[in-house]
Amino acid sequence: MADRNRRAFLKAGTLAGVLTVAGCAGSALRQPRGHVVVVGGGYGGATAAKYLRMWSARGVEVTLVERSPHFVSCPMSNLVIGGSRSMADITLGYDRLQSHWGVRIVHDEVLAIDAAARSVRLAGGGDLRYDRLVLSPGIDFMWQEIPGLDNAGAQATILHAWKAGAQTVALRRQLEAMPDGGVFVLSVPRAPYRCPPGPYERASLVADYCKRHKPRSKVIVLDANDEIVSKKGLFAKAWAELYPGIIEYRPQSELRDVDVTTRTAHLDFDKVRADVLNVIPPQRAADIAARSGLQLINQRWVEIDWLSMESSNTPAVHVLGDAIFPAPTMPKSGHVANQQAKLAAAAILRLLAGEQPDPAPVLMNTCYSFVDSRNAIHVASVFQYDRNTGVVQPVAGAGGVSSARSELEGRIAAGWAQNIWADMLF
Amino acid sequence: MKRLSALVALTLLTSSLFAQAADPERARNLAATCANCHGTDGRPVAGSGIDPLAGIEKRHSLQKLADFKSGQRPGTIMPQIAKGYTDEQLELIAAYFAAQK
């Protein structure tokens, strides 16, 4: 939201504003009308597309641009790598967004945003005009930080599997082909990155597979961070109790380079040879955000207004999900992207109706992680908008982690996935 | 002093009326934060094992939320989440779901 709007809103908080607004409280809000283009059909974009249609009673036109024919979920994809779920379990279609909600789906890629003309350029040719743009593009990798991986050939061998899809299948195959007694090395980048507990969940599920099928194998976690970034106590306990002698955790072990032919990870003072080398590279907002002139923080993440998710410097462009600079302690998770999408949808419909967004938005996060194929743990938090900082702030005393891993939470995690997928796509 | 507290009461009443009257979408927006787990408008996928919220009597769900918030009712994640919402917000959420028939 522009500064002008923010001032107008603050003014509405004065007594005069209260009386004026209260005086016409009986009249209904004006109907939003217009065309919203949504770029990216992941947890953020798909949710935004559905809720814009649902909450406008199908009055606002929505076009979703997504390059993949199907949605493949990152959450639950570590279970595919571990072998307890299949790709079919984590793959869903966009059909119902189109047939039931009337979202126009365009399977294409956006090359550029012309914010002045309010249009996007498609790789397949042609432009799409918008009244409001939702950009939910996810992350791209900073390959230049790992020189040996900064080419397509190396990236086809040393996998990240940090965007679910073909890489998920390929990493599973590498793990299956690994001999008993092999070493699986997982490199974790410095935070912030997509899905803070994800690397530790992956280490757990790879170890679970090794324990059952290749018990002489090892999983070495090379973590650039000083300690486990999320659910530390719970992961440490699970590793000590379930995978003694299998998982070896090395903090402060930032990857500097990779020797692709020998599958060797180069650290500052050490080299670690792997049978399967899985590198989660450092990340930033996806290219389309970075090259569209959107204001970035630390040259990596898009700066947004927390009342509307609108870019701080590019009017009518609302950015969601992993690409943004998050609020304090807010993780880059699918759950959060879904919540931000609803905040943005509500705000966009208000703005299209010539009204101000909800001045007190609330967001919450839930992340489940599996520590074996059945037992899961969670972390949760709630965020309330704070007028003084202009940011959604974590509520002190709320949120927290599981008291212990359990099969109950494993079943709840599976239910979470079913329901959030339906909330965004059905 | 009496006049002051009457004024305070009036202000509180006005502001809570204002909060609801001026923002008819507030309850909807707050309830949408529950939908990730409990389904769009509180209707979870059949067989997902998560409690439905749609159509649940307001008094019933509000009591449950209050008990989660106070710690009287045990749970895995709901006690931690309920503590993040104000009582007014929980009331709006419970009323919204009760109205989803």
Side-chain angles (χ1 to χ4, degrees), chain A residues 12 18 21-22 24-26 28-29 43 47 50-51 54-55 334-335 338-339 342-343 345-347 349-350 358-366 368 378-384 394-403 406 408-409 411-412 414-424 426, chain B residues 7 10-11 13-54 65 68-71 74-86 88-90 92-93 96 100:
Chain A
V18 168
V21 177
C24 61
L29 290 167
Y43 278 86
T47 306
K50 170 177 161 177
Y51 273 74
M54 188 171 81
W55 280 349
H335 195 105
N338 166 292
Q339 297 262 322
K342 293 167 187 171
L343 192 166
L349 295 177
R350 280 288 181 85
D358 181 347
V362 178
L363 300 173
M364 59 91 46
N365 178 58
T366 301
Y368 288 99
H378 79 258
V379 61
S381 45
V382 183
F383 301 83
Q384 298 258 0
V395 178
V401 298
S402 309
S403 51
S406 67
L408 170 64
E409 291 216 50
R411 289 192 295 275
I412 297 172
W416 168 87
Q418 276 186 282
N419 285 310
I420 195 168
W421 292 340
D423 192 38
M424 53 191 282
F426 298 159
Chain B
L7 183 67
L10 182 68
T11 311
L13 183 68
T14 320
S15 60
S16 86
L17 283 175
F18 167 64
Q20 291 181 35
D23 219 328
E25 290 162 357
R26 174 69 51 76
R28 180 203 70 185
N29 295 348
L30 287 166
T33 67
C34 311
N36 308 46
C37 298
H38 292 276
T40 306
D41 284 334
R43 295 185 187 89
V45 175
S48 65
I50 310 270
D51 289 344
L53 303 176
L65 287 166
F68 276 135
K69 190 174 175 178
S70 70
T76 54
I77 199 166
M78 278 309 298
Q80 299 168 351
I81 293 171
K83 288 184 181 68
Y85 293 79
T86 66
E88 290 78 11
Q89 288 170 341
L90 293 179
L92 286 171
I93 289 169
Y96 180 87
Q100 306 299 309

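It should be emphasised that the depicted structure is a prediction, and the values quoted were computed from it without experimental measurement. Numbered from 1 within each chain, the chains take letters A, B, ... in sequence-line order.
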Side chains of [X] and [Y]: closer than 4.5 Å at any heavy-atom pair?
X      : Y      : value
B/H38  : A/N419 : no
A/V362 : B/N29  : no
B/T40  : A/K50  : yes

Counting only non-hydrogen atoms closer than 4.5 Å, does [X] touch chain B with its backbone (N, CA, C, O), its side chain (CB onward), both, or neither?
X      : result
A/E409 : side chain
A/L408 : side chain
A/H378 : side chain
A/A414 : neither
A/M424 : neither

Look only at the side chain of [X] and the backbone of [Y], and say whether a donor-acceptor pair between them is shorter than 3.5 Å.
X      : Y      : value
A/Q384 : B/G84  : yes
B/K83  : A/G397 : no
B/N36  : A/N338 : no
A/Q339 : B/T33  : yes
B/Q80  : A/S381 : no

Stepwise side chain to side chain contact (heavy atoms under 4.5 Å, CB included) check, B/I77 with A/Y368: CA-CA 10 Å; B/I77 199 166; A/Y368 288 99; 3.8 Å; yes
Pair listing, salt bridge (charged side-chain N to carboxylate O under 4.0 Å, His left out) test, anchored in residues 27-49 of chain B, at least two apart: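 Every salt bridge (charged side-chain N to carboxylate O under 4.0 Å, His left out) pair that includes a residue of residues 27-49 of chain B, provided the two are not neighbours, is B/E25-B/R28.
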B/I81, part contacting chain A, at a heavy-atom distance under 4.5 Å: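 Contact with chain A: backbone and side chain both.
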Most contacts with chain B, counted as non-hydrogen pairs under 4.5 angstrom, among A/F426, A/W416, A/F383: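 Maximum pair count with chain B is reached by A/W416.
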Distance, nearest 0.5 Å, that separates CD1 of B/I50 from CZ of A/R411: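 Going from the CD1 atom of B/I50 to the CZ atom of A/R411 covers 11.0 Å.
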Gap separating the CH2 atom of A/W421 from the OG atom of B/S48, nearest 0.5 angstrom: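 The CH2 atom of A/W421 sits 12.0 Å away from the OG atom of B/S48.
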Smallest separation among heavy atoms of A/K342 and B/A32, with atom names: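 That would be NZ-O, 2.8 Å.
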With sequence neighbours excluded, residues passing ring pair (Phe, Tyr, Trp, His ring centres under 6.0 Å) with A/Y51: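 Expected list: A/W55.
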